[in-house]
Amino acid sequence: MSSAKSEDSSMPKQGKMMFPTLKIMLKISKKNNGEFIPNKEIFSELVKKMHISEAALAKRYDDDPHKHLIVHTNFEFALNKLRTAELIDRSVRAHSKLTPKGKAFIEKYKNTKNPDHNDITNLPEYINNTQKQEKAEKKEEELDEQNTNVMDQVHKSVKEYNANVREQLKNYLFSDGSEGAYRLESIVMKLLKKMGYGLGENDDESYVTQKSHDNGVDGVIYQDVLGVSKIFYQVKRYSHKIQPDQIRSFIQTLRANFSTNKGIFITTSEFTNGARDAAKSEDIRLIDGDQLLDLLFKYHVLIEEQEILPIYRFVKDEDDD
């Protein structure tokens, strides 16, 4: 009695499921004129025939409720092996039916209670189809590797291309001459508006100051579309690092001329640590040359996306077993 109970609650292996599955399909096919049979119906009959317990049916991998049921997975593997041996046809989704070879196999082993699964996996059809599948999988792996290498090269080329564009932008903005400096101040204004500063599309109150008599700032823009407060910025097109006294001078200018300590200091070069410390003591935001280029790219100022080339990848049919 205990042996029967142990057998009932055991987990059936896929190899042990194959021949009973064929016999069940033969029985059902006699009633439905050899039409395709729902796999659920086959599985239901298999549970009865093999006395699969409720405990075994509920068992999942690693006892994880998010993972597949083990019995169902074994049943699917059994069906796939029977298809590989050309004993069943699985060309209709979630359905199967016996092939003439399947019927002949059952007839050959009709007096055997449960043939060893090796009798199926040693069939010439199974061996041949397995070899074909392995060859196809190997070819797929080779193609995947080739595609990966190509995509790596594409990413590398795009990175190099964008780096060249960045260098072009840098050369255009940071070029010598007074016109280059004034141009940079105007472009910074466009950037700030793209970032959300200003009064919106019809903003006529934000402005770049004149080349002379600028009161120590290069541009004025409202902090938001409501015009609650103004932001003043200064742009320094330098090759050397910005020093603390330059930040302090900017702060003094803001206090003396505009009664504020809120501003943005932008440079094409870098800031010394002392300059950064000086800015921290007040409400001053710093943007160095690299950050400026990053922002111009991010907000598409003087930058536009080129034509996007379609790149495809192979995706298996979701109905493929």
Side-chain angles (χ1 to χ4, degrees), residues 7-32 34-106 108-109 112-141 144 314-321:
E7 182 180 346
D8 290 349
S9 61
S10 65
M11 182 64 65
K13 304 293 185 182
Q14 53 187 268
K16 295 294 184 180
M17 287 181 164
M18 288 193 284
F19 194 66
T21 296
L22 290 175
K23 294 179 75 173
I24 289 169
M25 292 177 67
L26 178 63
K27 181 179 178 181
I28 297 175
S29 66
K30 290 178 179 179
K31 300 178 181 178
N32 73 353
E35 297 296 326
F36 278 93
I37 309 165
N39 291 339
K40 286 184 178 180
E41 181 179 351
I42 300 170
F43 181 75
S44 178
E45 292 299 319
L46 186 65
V47 169
K48 298 175 186 176
K49 186 175 184 65
M50 299 191 73
H51 307 291
I52 302 174
S53 69
E54 291 293 331
L57 288 171
K59 188 74 173 174
R60 295 179 183 271
Y61 288 101
D62 301 325
D63 293 324
D64 187 336
H66 301 292
K67 292 188 176 181
H68 293 296
L69 293 164
I70 298 176
V71 173
H72 282 244
T73 302
N74 288 348
F75 175 64
E76 278 296 320
F77 275 121
L79 291 179
N80 284 336
K81 288 192 173 184
L82 291 172
R83 176 181 58 183
T84 301
E86 299 181 10
L87 301 180
I88 67 172
D89 181 350
R90 299 197 69 188
S91 58
V92 175
R93 184 184 182 188
H95 288 67
S96 304
K97 76 173 181 178
L98 278 175
T99 63
K101 290 181 180 179
K103 294 177 181 178
F105 185 85
I106 295 172
K108 180 179 179 180
Y109 290 94
T112 305
K113 184 178 180 181
N114 195 1
D116 188 88
H117 69 278
N118 290 328
D119 292 319
I120 295 175
T121 57
N122 286 333
L123 289 171
E125 294 86 352
Y126 184 90
I127 295 172
N128 183 46
N129 288 328
T130 298
Q131 290 173 344
K132 286 181 179 178
Q133 185 176 351
E134 290 173 350
K135 185 177 180 180
E137 289 174 352
K138 183 178 180 181
K139 181 66 175 178
E140 185 175 340
E141 288 177 2
D144 279 342
F314 167 70
V315 180
K316 289 185 177 179
D317 184 357
E318 62 180 13
D319 295 337
D320 189 1
D321 295 314

Let's go through F105 and L123 carefully: what are the C-alpha distance in whole Å and the side-chain angles of both, what is the deciding distance for side-chain contact (heavy atoms from CB on, under 4.5 Å) to 0.1 Å, and is it a yes or a no? CA-CA 10 Å; F105 185 85; L123 289 171; 4.2 Å; yes
Salt bridge (Lys or Arg N to Asp or Glu O under 4.0 Å) contacts in which one or both residues fall within residues 35-48, not counting sequence neighbours: E45-K48
Taken to the nearest 0.5 Å, the spacing of K59 NZ from M11 CE works out to 7.0 Å
Before giving the answer on side-chain contact (heavy atoms from CB on, under 4.5 Å), spell out for R83 and N80 the whole-Å C-alpha distance, their side-chain angles and the decisive distance to 0.1 Å. CA-CA 5 Å; R83 176 181 58 183; N80 284 336; 3.1 Å; yes
Would a distance-only check, ignoring hydrogens and angles, find a side-chain to backbone donor-acceptor pair under 3.5 Å from T99 to E86? yes
Distance in Å, H68 NE2 paired with R60 CZ, rounded so as to fall on 0.5 Å steps: 9.0 Å
N/O donor-acceptor pair under 3.5 Å between N32 side chain and I37 backbone: no
Partner of K81 by side-chain hydrogen bond (donor to acceptor under 3.5 Å, both in side chains), out of E76, H117, Q14: Q14
Close side-chain approach of L69 and L57, heavy atoms under 4.5 Å: no
What are the two closest non-hydrogen atoms of G34 and K97, and how far apart are they? O-CD, 3.5 Å
More than 12 heavy atoms of other groups within 6.0 Å of Y126 OH: yes
Which distance, rounded to the nearest 0.5 Å, do you find between the NZ of K49 and the CD1 of I42? 13.5 Å
Separation between CD1 of I106 and OG1 of T112, rounded to the nearest 0.5 Å: 12.5 Å
Hey, mind stepping through D89 and F36 against side-chain contact (heavy atoms from CB on, under 4.5 Å) and telling me if it holds? CA-CA 8 Å; D89 181 350; F36 278 93; 3.6 Å; yes
Let me confirm one number: the NZ-CD1 distance from K132 to I127, rounded to the nearest 0.5 Å. 13.5 Å
Starting at CE of M17, measure out to CD1 of I52 and round the result to the nearest 0.5 Å. 4.5 Å
Could you check T21 against I88 for side-chain contact (heavy atoms from CB on, under 4.5 Å), going step by step and ending with a plain yes or no? CA-CA 10 Å; T21 296; I88 67 172; over 6 Å; no
Determine which pairs satisfy salt bridge (Lys or Arg N to Asp or Glu O under 4.0 Å) with at least one residue from residues 118-128, sequence neighbours left out, and list them in order. K101-E125
Going by the angle between their ring planes, with limits at 30° and 60°, are F43 and H72 parallel, tilted or perpendicular? tilted
Determine whether S96 and N39 satisfy the following criterion, side-chain hydrogen bond (donor to acceptor under 3.5 Å, both in side chains), listing intermediate values before the conclusion. CA-CA 6 Å; S96 304; N39 291 339; 2.8 Å; yes
Got a sec: does the CD of E137 have more than 12 other heavy atoms crowding it under 6.0 Å? yes
Could you pull out the closest heavy-atom pair between V71 and P12, with the gap in Å? CG2-CD, 4.5 Å
